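Notes follow once the structure below has been shown.
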Amino acid sequence: MEKRRLTKEEIALCIAREISEGACVNLGIGIPTLVARYLAGEREVMVHSENGIIGMGPPAAPDEVDLDIVDAGKRPVTLVKGAAIIDHATSFALVRGGHLDLAVLGALQVSEHGDIANWRIPGDAVPGVGGAMDLCAGAKRLVVAMTHTDRGGEPKIVAECTYPLTARRKVCTIYTDLAVIDVGPDGLHLREIAPGWTAGELRQLTGAPLHVEEPVPVIALHGGAVS
Amino acid sequence: MEKRRLTKEEIALCIAREISEGACVNLGIGIPTLVARYLAGEREVMVHSENGIIGMGPPAAPDEVDLDIVDAGKRPVTLVKGAAIIDHATSFALVRGGHLDLAVLGALQVSEHGDIANWRIPGDAVPGVGGAMDLCAGAKRLVVAMTHTDRGGEPKIVAECTYPLTARRKVCTIYTDLAVIDVGPDGLHLREIAPGWTAGELRQLTGAPLHVEEPVPVIALHGGAVS
Amino acid sequence: MINKVVESAMTAVADVRSGSTILVGGFGEAGSPATLLQALIEQGATDLTMVSNNVGYDDYGLAALIARGRVRKMICAFPNYAAGIAFRNRYLAGQIELELVPQGTLVERMRAAGAGLGGFFTPTGAETELSAGKETRVIDGVVQVLERPLKGDYALIRGKVADRWGNLTYWRAQRNFNPIMAMAATTTIAEVSEIVPLGAIDPDVIITPGPFIHRVTVCPRYNPT
Amino acid sequence: MINKVVESAMTAVADVRSGSTILVGGFGEAGSPATLLQALIEQGATDLTMVSNNVGYDDYGLAALIARGRVRKMICAFPNYAAGIAFRNRYLAGQIELELVPQGTLVERMRAAGAGLGGFFTPTGAETELSAGKETRVIDGVVQVLERPLKGDYALIRGKVADRWGNLTYWRAQRNFNPIMAMAATTTIAEVSEIVPLGAIDPDVIITPGPFIHRVTVCPRYNPT
């Protein structure tokens, strides 16, 4: 088995697999956005956008652009059949009130307690928070999609976050290019691992203790059209 | 000048006079409901009903009845041109948020401080409050329409309410069958009096001190089609 | 394929457990989910806490449920009218509990539950017996009462048109409490006049979006005879 | 006859005073009242507190107002993007104050103001630096932050169709913050694509009813060139 890291698309595919039919999901910017690509097919999923869209479709083709139909990143998108428009207060009532089955977000750090830091890099010129804290506070299930380590090779999964927190004890599962890790009351549990990697190698790149039950299943990368 | 008490219709007419074009008003049950009759003509007024109607029209004729279009008393009504339907939360946001220019309510007692008691008679079998407390708390201007004395001839305008309060210090003006009385920070001010009555006679029927500036204008009962 | 349409009102309420808190839409009979209430009577759940503006009429729907002793507690704004005889009889006999809530506070408490808020301060009811024992504070010179969210295990609502995702519209003042209650329950069941194909409702005119609705069933408007 | 229609964006904003707090609808450019903002630039009011999700783009609308030094304070959720250069320059130079508010809290604070509520508890932002110094309490096991209402002297919003009573509809996700801001200001001014005769809008599809709107003016959608 060739030892390798998952591509962003493969991380997105893994997350898409856990989304069941009828779920209402919010997909953040970056890898999370890619998840939408793997939701098509027999499963119907309601994709929510913070600005009041339920039933958001793919990005708009040049001849479909309507500047009033945009996603959370302000890019023109489409609406699917069955889409509904709601105001911003109702949109965040949906988010905070537990009506969102799943939120998928990127992160700078996740702690072994499920704390997440994803809104502010210390020293950033202008801070911005958007809807990140609401999504973390309110989604029934919060999963993170990110690279296992930062550009300097440092672990992004840590004992305690050092970046400013977005929310405490909210992350359920972390999907990285090396592993799928569940956050339990007693810490991190390795669920699946990237092809060719060992638990020992993963521990070296993880900043908090990892519960491991050998043999660790390898992340299955078949069964979905990974482009 | 013949000495007499105003009819309910005449009380309603007096109140209608103070409603200016474009006002958004809520009219309670009883005498307040009659105010609507005197709003027609050149003035356009938006009548609000707690159950989410703005632009409520007259009661429905038999052939106009729609059981889903009712007033606060659950009687079938009509909608005027320009009517809008809102949900109950938005309807009470309108009430509590100061978007209602005027609420007209009946009352059991009003105190010289503007306290109002209108939701519960002590000893009533089953209590009910409806939207009375919200209307009192939120309308920009609250006026009361009632008889000056109760069935036993006792004053309904009192120093302190003895019936359970609906709200404190909210009533701006009291319209009775004997007088129009403004509630000021220093107590009650007689604005107008019914034909043939003297301030001295009125004081006998009022349970709190009354500021009077003689001569007291007589309530004008012309200038509106009193039926 | 998402399909929230169920075949009948009976199917829709089949799993309601005794002891549940149930939000019931409608203002008087306007927008009342009368067929779902009739189904609930047949279904048999008891020891219920019912939340609704009123207490039903004569001997059908909510009133019939109360008359049959199935309601432990009523949370409402306006139970005191002649046709609310079922409630009155049991209340005077000490057989049903009443939590009386100002109408605007009632709907706002359900909105808070639906919106994931822990509570809110409102001027309504301050310094009255309905706020006795509640936390109050003066905010911007106004005495305000802290009110708590009110969540249902079930909400029974009435709409006009729905699609299989549960997107809903309402006809005129049928709307009232229904869209708010839809947000505020673990399971929301809607009875509607008509089911239309997905995409047939303009996204701009949908009042309650699919994620707030769990089951939909077609029922003609219930007219007691 | 009620007639809230005014002849131009300039007329609509003529009385805005320096020092005002102004709510500005839109999410990015979708639903932004760009023509009213351009009129506000010409109008001249300064020392403004602006409330909006973003801080404008390039050098028009809100961004131009900021670039000209007319904004004392910005209350927003997301000011950090490349085209928000006007805000960034002044912020880094210490020439503009920033109150950063989570997006859901921002809109809910305005709703509270519009709904006459004194504040609310929300789990959003609890135990983060954005709730530092705010009252918190544990409610049902969740740490919640007390947030205060946020009211505007003016709201500038964008809609699709209006009538002379100020009843409004919105096109698609142009809606966003607009209906909430409409409730939350002393004076709400709407720019719309079209005015239709009274009664031409179905009462069931009106999103913002007349009492929340004070002035309406027709403006084509503003497209920066």
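Convention: sequence-line order gives letters A, B, ...; per-chain numbering from 1. As the structure is a prediction and not an experimental result, all values here were calculated from the model.
Nearest approach of C/Pro123 to D/Gly116, heavy atoms of both residues: CD-O, 3.2 Å. Among all heavy-atom pairs drawn from C/Leu117 and D/Gln144, the shortest one is C-OE1, 4.2 Å.
In this structure, the side chains of D/Trp171 and C/Asp204 come closer than 4.5 Å at one or more pairs of heavy atoms.
Contact count versus chain C (heavy atoms, under 4.5 Å) is highest, among D/Val145, D/Ile139, D/Thr169, D/Thr124, for D/Ile139.
Separating the CZ atom in D/Arg137 from the CG atom in C/Leu146 is a distance of 5.5 Å, to the nearest 0.5 Å.
Heavy atoms of D/Glu147 lying under 4.5 Å from chain C are absent altogether.
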